[in-house]
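In what follows, every chain begins at residue 1, and chains take the letters A, B, ... in the order their sequences are listed. FYI, side chains are in, hydrogens and waters are out, and symmetry mates aren't considered; it's all heavy atoms of this structure.
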2 protein chains.
Amino acid sequence: MSDLLERLRERGWRLTAQRRVVAEVLDGDHVHYTADEVHARASARLPEIARATVYNTLSELVSIGEVIEVSTDGRAKRYDPNARHTHQHLVCSKCGTIRDVHPSGDPLAELPEAERYGFTISDASITYRGTCPQCAAA
Amino acid sequence: MSDLLERLRERGWRLTAQRRVVAEVLDGDHVHYTADEVHARASARLPEIARATVYNTLSELVSIGEVIEVSTDGRAKRYDPNARHTHQHLVCSKCGTIRDVHPSGDPLAELPEAERYGFTISDASITYRGTCPQCAAA
DNA sequence: TTCTTGACTTAGACATTGTCCAATGTAGGA
DNA sequence: TCCTACATTGGACAATGTCTAAGTCAAGAA
């Protein structure tokens with residue numbers, strides 16, 4: 001994740017302790033925390049970090065494309081740092097767990113011209129829903 | 001939409017004025033209101049209808065599969081009454097307009113077994129994002 | 001190194017969306 | 001018509017996110 005900090009610096013960002021901590025929390029694959037979870041984990045390392053700062057930093061990371069915002073259920077948005085490799089999401093309807101998955105087709109190519117209504121389409125995201133093994137066993 | 005009322009009656013639902021009004025508001029294709037918009041439109045016909053009643057009725061319609069809940073942006077969920085025909089959604093990133101669309105492939109079939117992580121998958125939804133003609137012109 | 005400055009952070013008020021509950025009302029069967 | 005279980009109401013509450021004014025600080029300049 002230090003390369004993320006590097007990229008941020010190249011964009012002229014001021015590297016504050018708060019931003020560093022948020023970036024560290026988001027480190028790793030298959031991480032899909034809510035803003036609140038990011039705040040909780042960041043607080044563990046930097047107790048005085050403000051909620052607003054976490055929201056600000058997450059929004060900035062999303063706007064420059066380093067992190068993807070995932071809203072699967074109308075509850076809290078989740079933040080997915082694995083933005084450099086296109087992938088889709090598999091969500092457990094019961095516990096809300098999210099996995100990154102890689103389907104075979106290209107959904108963008110599968111939308112006929114007649115179904116585009118003049119839109120300029122930039123992106124397609126697929127959400128698979130089901131029950132995870134843990135919840136199925138319970 | 002009177003057939004919806006008929007189906008509800010068959011399920012043993014009590015047909016109250018409030019439920020009737022909510023069903024009427026949801027009548028038609030390409031309708032994707034938020035709960036608040038449903039409430040506003042229902043209030044126009046039945047001024048004393050409570051917010052909680054609208055939420056209750058919408059939840060019930062979703063749980064019996066007459067209406068689909070769509071959360072495209074982490075803001076308010078939208079309610080899509082066109083549930084009997086499977087379809088996907090095309091969302092304008094600027095104004096939030098939603099259109100129903102029908103891509104060619106079957107996303108469920110495109111998720112390899114190795115990418116299912118033991119989940120029992122029940123459903124796949126695709127959200128296309130882009131800019132609608134109106135917003136592109138502005 | 002120290003200074004300066006504009007960007008960053010903070011705390012808390014506020015906004016939006018959704019849920020819950022006790023009291024009241026009523027649809028539909030007896 | 002009367003009963004009663006189910007539905008509705010209104011308002012409190014909860015969860016998530018946004019905004020603002022005042023204070024703080026990273027990083028370049030001198």
For nucleotides 18-28 of chain C, read 5' to 3', which letter fits each nucleotide if B means a protein heavy atom sits under 4.0 Å from the base, S means only the sugar-phosphate is that close, and - means neither? BBB----BBBS
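- If you take CZ of A/Arg19 and C1' of C/dC8, they are 6 Å apart, rounded to a whole angstrom.
- With sequence neighbours excluded, the residues forming a side-chain contact (heavy atoms from CB on, under 4.5 Å) with A/Thr97 are A/Cys92, A/Cys95, listed by chain and number.
- For A/Ser93, the side-chain contact (heavy atoms from CB on, under 4.5 Å) criterion is met by A/Arg129, not counting sequence neighbours.
- Put simply, the side chain of A/Leu4 reaches to within 4.5 Å of the side chain of A/Arg7, judged on heavy atoms.
- Rounded to whole Å, atom C1' of C/dT10 lies 11 Å from atom NE2 of A/His39.
- Contacts of B/Arg9 classified as side-chain contact (heavy atoms from CB on, under 4.5 Å), with partners at least two apart in sequence or in another chain: B/Glu6, B/Leu15.
- Considering only residues two or more places apart in sequence or on other chains, A/Glu110 meets the salt bridge (Lys or Arg N to Asp or Glu O under 4.0 Å) condition with none of them.
- Protein chain A touches strand DNA chain D; the 5'-most and 3'-most nucleotides with an atom under 4.0 angstrom of its non-hydrogen atoms are D/dA15 to D/dA27.
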Show me the donor-acceptor pairs within less than 3.5 Å that the side chains of residues 55-62 of chain B make with the rest of the protein, sequence neighbours left out.
residue	atom	partner	partner atom	Å
B/Asn56	ND2	B/Ala52	O	3.3
B/Thr57	OG1	B/Thr53	O	2.8
B/Ser59	OG	B/Tyr55	O	2.9
B/Glu60	OE1	B/Arg19	NH2	3.3

Side-chain atoms of residues 38-50 of chain B: list all donor-acceptor pairs with protein atoms under 3.5 Å, sequence neighbours left out, distances to 0.1 Å.
residue	atom	partner	partner atom	Å
B/His39	NE2	B/Ser43	OG	3.4
B/His39	NE2	B/Ile49	O	3.1
B/Arg41	NE	B/Tyr33	OH	3.2
B/Ser43	OG	B/His39	O	2.8
B/Arg45	NH1	B/Glu24	OE1	2.4

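- Residues in residues 81-135 of chain A take part in these ring pair (Phe, Tyr, Trp, His ring centres under 6.0 Å) pairs, two or more places apart or across chains: A/His32-A/His89, A/His87-A/His89.
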